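Data first, discussion second: the structure below is written as structure tokens.
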Amino acid sequence: MSENANPATSNFIRNIIDADLKQNKNDGRVHTRFPPEPNGYLHIGHAKSICLNFGIAEAYPGGLCNLRFDDTNPEKEDVEYTDSIQNDVKWLGFDWGDRLFYASDYYEQLFDYAKNLIRDGKAYVCHLSADETREYRGTLTEPGKPSPYRDRSAAENLDLFDRMRAGEFEEGECLLRAKIDMAAPNMNMRDPAIYRIRKVAHHRTGNDWCIYPMYDYTHCVSDALEGITHSLCTLEFEDHRPLYDWFLDQLPVPCHPQQIEFARLNLNYTVTSKRKLNELVTHKYVSGWDDPRMPTIVGMRRRGYTPEAIRDFCDRIGLTKNDTVIDVGVLENCVREDLDRRTRRVLAVLDPLKVVIENYPEGDTEYLDAPYHPNNPDMGQRQLPFSKEIYIEQSDFMEDPPKKFFRLGPGREVRLRYAYFITCNEVIKDNAGNIIELRCTYDPETKGGNAPDGRKVKGTIHWVSAEHALKTEVRLYDRLFNDPKPDSNRHEQDWKDFLNTESIQLIKEACLEPSLLHAKQEDSFQFERTGYFCVDKKDSVNGKPVFNRTVTLRDSWAKEKNK
RNA sequence: UGGGGUGUGGCCAAGCUGGUUAAGGCACAUGGUUUUGAUCCAUGCAUUCCCAGGUUCGAGUCCUGGCACCCCAGCCA
């Protein structure tokens, strides 16, 4: 590996931090946090944020990054998600040490701070209904008007707020609101809600509370309580920053973190909205959150993507405030690059065509040395059984080959990888005219793949001995969508209309080299000339590994063919 | 003129307080190596930085005026 291959280390957020450090702001501390709401599985977009926040902590001496669950909406949240999120962050290779926090840890403190606000005349209990609240808020171009409850006394508000907590009001009956400015051009400043009533159990606090703090109030306070220095979030929160700062300015919090916004990740041929991913799962368009076609961390993991590849991807795409769409090809390429150097090469025939080597002794088996990696001898080698009947790939034979086709055809000679040169003498077809078998002869002098007379062959193809083949299931995965922007509104159609109907192709009986019999779950291999595959961790059983295609190899022949 | 943002090659993206030939990656193209049409290597790929004016010896970087796109009216985050 080339050292210092770390691209694009410079970005606008690091520049800000560098400048802060130069001024000794925050006493030279750098402390970030990754703050997911535990209401779904993490996906590639979260990976960008994880790599950013934890990456910054790693990059600066003494830097820290917390994992904090933003669990302020009990209706949507669950421990299923807090568990999976922790697993995913760990799997990506990051460590929050002993700094795992929950916004719900701060409920009591948040409640006390809210009383500060009330005492200072900065918050009030409002009995407007949801519809009325919307009307009073005004529109983008018209100012709102004050709630009739806006000027209650602090004492009355304090009493009302305590009664809210005590459960004396029903859901929707009232709200604690910040008293800011109903005419503010920024809608977020028009007396936003601070607490609402929800009489549902919370996954951690159970039935202790029936009022829950809103994001805008909770997030800034949580950041401050944890001593966060740089609070990084996505662009849609830009308009919330004045509110973030407003709360912290009113409250006796230990510090005032700086919110900085960056653009969220968009990938083409992919959807990442939680709602849509959820729909894919619940309506069974995929097998679950961990379906190998899903852009979730668990999905990519099951597909065979590696943490290193995902982290490399996050480094490469850079960090800006530009609203951009990254080509999934970049991700796939990071995966190829990582897998190329780390996987063992093996032979696997996915679409078998039987070849009988007529001049090979009946019943004989010999074992041929085959290195696991062409450029890395340290990865060792194994022995491949060779015999009279073998399988090759259907696509490696053409009866009437076009120009530049280097593979097998009538009368042509090719090399069987690590084995012998063979020449095709006869093509056997069934009644329907399908090619079902090839009769070939081999040249015993070419053992190992070289001819003593120096003659060359243009093609080398892979093969598996028929008698020794491990027959098992292989799944070929492809992109889930066949349109670059399945969820853009330019289409008249629903985003699900762009689902790629060929995103999974099941091969019930592929023929693999026998060494693969004992492949372990999540092991990755390169099937030579075909792609990278991993052992499915759910459906594999002892003695019968099932393989998922992670990504194909680059294929310049495919390009050539289409010319 | 409701507010907040963003505009550098096909896709990303560096570019500090204006200063010689506008980084790098991906993609693409061509050539070389190769027992994977893989990998690897080499070369090429923006007279120009959304547009129009202006300031300056000199502007992607400063000023003025446009244009395009994104976000905001949850008791979601």
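This structure is a prediction, so every number in the text was calculated from the model and none was measured. Here is how names work: the chains are called A, B, and so on, in the same order as the sequence lines, proteins then strands, and each is numbered from 1.
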Within 45° cone of [Y] ring axis and under 6.0 Å: [X] NZ or CZ:
{"X": "A:Arg204", "Y": "A:Tyr102", "value": "yes"}
{"X": "A:Arg165", "Y": "A:Phe111", "value": "yes"}
{"X": "A:Lys145", "Y": "A:Tyr136", "value": "yes"}

Measure from the side chain of [X], starting at C-beta and using heavy atoms only, and say which of [options] lies closest.
{"X": "A:Ile326", "options": "B:G3, B:G37, B:C12", "value": "B:C12"}
{"X": "A:Met214", "options": "B:G7, B:G2, B:G74", "value": "B:G74"}
{"X": "A:Asp70", "options": "B:A73, B:U6, B:A77", "value": "B:A77"}
{"X": "A:Val330", "options": "B:G37, B:C26, B:A73", "value": "B:C26"}
{"X": "A:Trp557", "options": "B:G37, B:C12, B:G25", "value": "B:G37"}
{"X": "A:Thr320", "options": "B:G5, B:G3, B:A13", "value": "B:A13"}
{"X": "A:Arg198", "options": "B:C76, B:A38, B:C12", "value": "B:C76"}
{"X": "A:Glu37", "options": "B:C26, B:C76, B:G37", "value": "B:C76"}

N/O (side chain, [X]) to phosphate O (OP1/OP2, [N]) under 4.0 Å:
{"X": "A:Arg134", "N": "B:G74", "value": "yes"}
{"X": "A:Thr72", "N": "B:A77", "value": "yes"}
{"X": "A:Arg196", "N": "B:G74", "value": "no"}
{"X": "A:Thr460", "N": "B:G37", "value": "no"}
{"X": "A:Asn39", "N": "B:A77", "value": "no"}
{"X": "A:Asn188", "N": "B:G4", "value": "no"}
{"X": "A:Arg264", "N": "B:C70", "value": "no"}
{"X": "A:Thr141", "N": "B:G3", "value": "no"}
{"X": "A:Lys559", "N": "B:C28", "value": "yes"}
{"X": "A:Asn333", "N": "B:A27", "value": "yes"}
{"X": "A:Arg554", "N": "B:A27", "value": "yes"}
{"X": "A:Arg345", "N": "B:A38", "value": "no"}
{"X": "A:Arg137", "N": "B:G74", "value": "yes"}

>> Looking only at side-chain N and O atoms, does A:His203 offer a donor or acceptor that is under 3.5 Å from a partner on A:Asp78?
In response: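 No, because no side-chain N or O of A:Asp78 sits under 3.5 Å from a partner of the opposite role on A:His203.
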> Do A:Glu393 and A:Ser395 have a side chain donor and acceptor closer than 3.5 Å?
Replying inline: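 Note: A:Glu393 and A:Ser395 side chains miss the donor-acceptor criterion.
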> Which of these, A:Tyr418, A:Trp463, A:Tyr367, sits in a ring-ring contact (aromatic ring centres under 6.0 Å, His included) with A:Phe386?
Replying inline: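 The single option meeting the ring-ring contact (aromatic ring centres under 6.0 Å, His included) with A:Phe386 is A:Trp463.
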> How does RNA chain B read in dot-bracket, base by base from 5' to 3', with Watson-Crick or G-U pairs under 3.5 Å and | used when the partner is on another strand?
Replying inline: .((((((..(((......[....))).(((((.......))))).....(((((..]....))))))))))).....
With rounding to whole Å, what would you report as the distance between [N] and [M] at their [atom1] atoms?
{"N": "B:G37", "M": "B:U33", "atom1": "P", "result": "15 Å"}
{"N": "B:C49", "M": "B:C62", "atom1": "P", "result": "15 Å"}
{"N": "B:G10", "M": "B:A46", "atom1": "C1'", "result": "12 Å"}
{"N": "B:U17", "M": "B:U6", "atom1": "P", "result": "15 Å"}
{"N": "B:G18", "M": "B:C63", "atom1": "P", "result": "11 Å"}
{"N": "B:G54", "M": "B:U61", "atom1": "P", "result": "15 Å"}
{"N": "B:G60", "M": "B:A22", "atom1": "P", "result": "9 Å"}
{"N": "B:A42", "M": "B:U55", "atom1": "P", "result": "47 Å"}

At less than 3.5 Å, do the side-chain atoms of [X] and the base atoms of [N] form a donor-acceptor pair?
{"X": "A:Arg407", "N": "B:G37", "answer": "yes"}
{"X": "A:Asp239", "N": "B:G3", "answer": "yes"}
{"X": "A:Glu337", "N": "B:U39", "answer": "no"}

> Which residue, A:Ala193 or A:Gly459, contacts RNA chain B at a nucleotide closer to its 5' end, judged by nearest heavy atom?
Replying inline: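 Nearest nucleotide further toward 5': that of A:Gly459.
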>> Return whichever of A:Leu416 or A:Leu128 has its heavy-atom-nearest nucleotide of RNA chain B closer to the 5' end.
In response: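 Nearest nucleotide further toward 5': that of A:Leu416.
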> Crowded around A:Arg479 CZ? As in, over 12 foreign heavy atoms under 6.0 Å?
Replying inline: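 For A:Arg479, atom CZ is crowded (more than 12 foreign heavy atoms under 6.0 Å).
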>> Heavy-atom count check: over 12 atoms from other residues, nucleotides or ligands less than 6.0 Å from A:Lys199 NZ?
In response: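 Atom NZ in A:Lys199 is crowded, with more than 12 foreign heavy atoms closer than 6.0 Å.
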> In Å and rounded to the nearest 0.5 Å, what is the CH2 to CZ distance from A:Trp209 to A:Arg198?
Replying inline: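 Output value for this atom pair is 16.0 Å.
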> Is it true that A:Asp191 and A:Arg150 make a salt bridge, defined as a side-chain N closer than 4.0 Å to a carboxylate O?
Replying inline: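 Looking at A:Asp191 and A:Arg150, the cut-off is met.
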>> Under the criterion of centre distance below 5.5 Å and interplanar angle below 30°, is A:Tyr215 classified as stacked on the base of B:A77?
In response: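 Check failed, A:Tyr215 does not stack on base of B:A77.
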